[in-house]
Amino acid sequence: SYGPDYLALYKTKFSESDIDNEIRKQLPGIFYYQPVEQSVKHLMDMLEVDEPDLRYHVIKTLSRLKRKYTQLEIDLEPVRKCIKTESESFFNLMAVKVIQPQNHPNRILLRALTEKMNQTVERIFRLLGLIYDQKDMYSSYLAYNSLSKDRKSASVEFLDNLLSAEDHNYVFPIVDTIDDIKKMRKGSEIFDIKKLSYDQGLKQLIDGRDKWLKICAIYSVSPVCPAYLQHEVVDAVESEDALISETAKMVKKRNNNRKQ
């Protein structure tokens with residue numbers, strides 16, 4: 001069995017970027033089998049991990065602990081800090097999404113951005129479940145994702161009435177049933193997000209830590225993109241990640257052929 005002395009070690013390993021992410025994703029689940037306050041404290045520290053996919057597994061474990069071991073106390077300050085982080089992440093993704101050209105949309109990139117934004121919303125609802133009643137938040141999440149406009153509106157109204165002022169500030173602009181342009185305007189006011197050009201949006205994704213968005217952004221670099229983006233493709237050819245490298249090689253060859 002795992003003892004408390006091992007918990008700090010697992011937390012340290014979780015933060016080490018040279019360890020394969022698939023292994024790191026498994027580590028938060030270990031803390032579920034030590035349902036003590038120290039496990040919760042370690043998981044709270046682990047919420048600060050940069051990669052959203054890893055953070056999801058920390059949030060999921062905290063949700064499981066709260067559901068089964070109701071006596072465990074959860075410090076709400078790091079939870080709310082994480083909600084703010086997720087909200088800013090959502091609007092940074094949206095800032096790239098709203099600048100996609102309407103006459104020639106990049107469907108691969110749009111799909112990837114939408115998926116990542118939806119995953120961010122799921123993490124936010126899970127985090128809200130650590131603050132408010134979990135069953136209520138789960139039901140609200142299902143209603144929010146419903147195809148029924150009435151159910152979605154009911155979910156938004158429920159959150160509008162329930163959330164504290166701090167939570168409302170970071171969450172409601174995301175779930176509010178307004179168009180993306182108005183939503184982005186609110187997000188920009190909260191987080192001082194500057195308007196990007198299409199090329200700047202691609203650069204932001206290429207420089208980011210999300211591997212799939214990086215791949216989609218590299219794939220989206222066309223022959224007419226500026227030189228600094230072409231250099232990013234050339235640099236990506238040398239990536240240690242096979243999928244990033246192969247994508248960059250394909251894009252480099254494709255762009256060279258189109259220039260001829």
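With rounding to the nearest 0.5 angstrom, the CG atom of Leu27 is 13.0 Å from the NZ atom of Lys11. Taking OH from Tyr141 and CG from Leu159, the interatomic distance works out to 13.0 Å, rounded to the nearest 0.5 Å. One finds the CG atom of Leu229 at 6.0 Å from the CG atom of Leu202 (value rounded to the nearest 0.5 Å). Taking CG from Leu62 and CE from Met46, the interatomic distance works out to 9.0 Å, rounded to the nearest 0.5 Å. Residue Arg126 holds its CZ atom at 13.5 Å from CE of Met137, rounded to the nearest 0.5 Å. In this structure, CG on Asp207 lies 12.5 Å from CG on Leu213, to the nearest 0.5 angstrom.
Between Glu166 and Leu76 there is no side-chain heavy-atom pair separated by less than 4.5 Å. Between Pro28 and Tyr56 there is no side-chain heavy-atom pair separated by less than 4.5 Å. Taking the side chain as every heavy atom from C-beta outward, Leu113 and Met94 never approach each other to under 4.5 Å. The shortest distance between side-chain heavy atoms of Phe14 and Asp45 does not fall below 4.5 Å. When side chains are defined from C-beta on, Arg123 counts as touching Thr120, because their heavy atoms get closer than 4.5 Å. A 4.5 Å side-chain heavy-atom check between Val121 and Asn145 finds every atom pair outside the cut-off. At least one side-chain heavy atom of Tyr198 sits under 4.5 Å from a side-chain heavy atom of Ser220. No side-chain heavy atom of Glu189 sits less than 4.5 Å from a side-chain heavy atom of Pro173.
Checked against the 6.0 Å centroid criterion, the rings of Phe191 and Tyr170 qualify as a close aromatic pair.
Both Tyr144 and Ile131 sit in one connected hydrophobic cluster of ILVMFWY residues. Membership requires side-chain heavy atoms under 4.5 Å apart, directly or through other members. Under the 4.5 Å side-chain heavy-atom criterion for Ile, Leu, Val, Met, Phe, Trp and Tyr, Tyr138 and Leu127 are members of distinct hydrophobic clusters. Following chains of ILVMFWY side-chain contacts shorter than 4.5 Å, one can reach Val221 starting from Ile108, so the two form part of one hydrophobic cluster. With hydrophobic clusters built from ILVMFWY side chains whose heavy atoms lie under 4.5 angstrom apart, Leu243 shares a cluster with Val233. Trp212 and Val49 fall within a single hydrophobic cluster, where Ile, Leu, Val, Met, Phe, Trp and Tyr are joined by side-chain heavy atoms under 4.5 Å apart, directly or via other members.
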Residues Arg24, Ser17; criterion side-chain contact (heavy atoms from CB on, under 4.5 Å); working and verdict: CA-CA 9 Å; Arg24 295 169 73 190; Ser17 58; 4.2 Å; yes
Criterion side-chain contact (heavy atoms from CB on, under 4.5 Å) on Asp136 and Phe158, from CA distance to verdict: CA-CA 9 Å; Asp136 286 347; Phe158 172 73; 3.9 Å; yes
Worked verdict on Lys194 versus Asp192 for salt bridge (charged side-chain N to carboxylate O under 4.0 Å, His left out): CA-CA 6 Å; Lys194 305 301 181 185; Asp192 192 28; 3.1 Å; yes
Stepwise side-chain contact (heavy atoms from CB on, under 4.5 Å) test for Met184 and Ile181: CA-CA 5 Å; Met184 188 65 235; Ile181 300 299; 5.8 Å; no
Derivation of the side-chain contact (heavy atoms from CB on, under 4.5 Å) call for Asn92 and Glu88: CA-CA 6 Å; Asn92 279 322; Glu88 185 172 12; 3.7 Å; yes
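Listed by first and then second residue, the side chain to side chain donor-acceptor pair (under 3.5 Å) pairs involving residues 57-73 amount to none (not counting sequence neighbours). Pairs of residues two or more places apart, or lying in two chains, that qualify as side chain to side chain donor-acceptor pair (under 3.5 Å) and include a residue from residues 109-119 are Lys116-Asp210. Sorted by first and then second residue, the pairs that involve residues 217-234 and meet salt bridge (Lys or Arg N to Asp or Glu O under 4.0 Å), not counting sequence neighbours, are Lys203-Glu232. Sorted by first and then second residue, the salt bridge (Lys or Arg N to Asp or Glu O under 4.0 Å) pairs involving residues 169-186 (not counting sequence neighbours) are Lys97-Asp180, Asp176-Lys186.
Applying the salt bridge (Lys or Arg N to Asp or Glu O under 4.0 Å) criterion to Lys13, with sequence neighbours excluded, gives Glu16. Legend: residues meeting salt bridge (Lys or Arg N to Asp or Glu O under 4.0 Å) with Glu246, ordered by chain and number and at least two apart, are Lys249. Remark: Asp150 engages no residue in a salt bridge (Lys or Arg N to Asp or Glu O under 4.0 Å) (not counting sequence neighbours). In this view, Ser87 satisfies the side-chain hydrogen bond (donor to acceptor under 3.5 Å, both in side chains) rule with no residue, not counting sequence neighbours. In terms of the side-chain hydrogen bond (donor to acceptor under 3.5 Å, both in side chains) criterion, residue partners of Glu22 (sequence neighbours excluded) are, by chain and number, Lys25. Annotation: side-chain hydrogen bond (donor to acceptor under 3.5 Å, both in side chains) contacts of Lys195 (sequence neighbours excluded): none. Residues meeting the ring pair (Phe, Tyr, Trp, His ring centres under 6.0 Å) test with His168, sequence neighbours left out: Phe172. In terms of the side-chain hydrogen bond (donor to acceptor under 3.5 Å, both in side chains) criterion, Glu157 has no residue partners (sequence neighbours excluded).
Side-chain contact check for Ser140 and Ser155: at least one donor-acceptor pair (N or O, by modelled atom type) lies under 3.5 Å.
Taking every heavy atom of both residues into account, Leu205 and Ala217 meet most closely at CB-CB, 3.7 Å. Closest approach of Leu47 and Arg55 over heavy atoms only: O-CD, 3.0 Å. Looking at every heavy atom in both residues, Leu7 comes nearest to Phe31 through O-CZ, 3.4 Å. Taking both residues in full, the closest heavy atoms of Leu54 and Asn21 are given as CD2-O, 3.9 Å, listed atom of the first, atom of the second, then distance. When all heavy atoms are compared, the tightest approach of Ile218 to Ala248 is CG2-CA, 3.9 Å. Of all non-hydrogen atoms in Asp167 and Ile83, the two that sit nearest each other are OD1-CD1, 4.5 Å.
When the shell of 6.0 Å around OH of Tyr32 is examined, it contains more than 12 heavy atoms from other residues, nucleotides or ligands.
Geometrically, Arg254 engages Tyr219 in a cation-pi contact defined by less than 6.0 Å to the ring centre and at most 45° from the axis.
Of the possible donor and acceptor atoms, one in the side chain of Ser245 sits under 3.5 Å from a partner among the backbone N and O of Val237. Side-chain N or O atoms of Asp160 include none that pairs as donor or acceptor with a backbone N or O of Val156 at under 3.5 Å.
Taking a cutoff of 4.0 Å between a charged side-chain nitrogen and a carboxylate oxygen, Glu48 and Lys81 qualify as a salt bridge.
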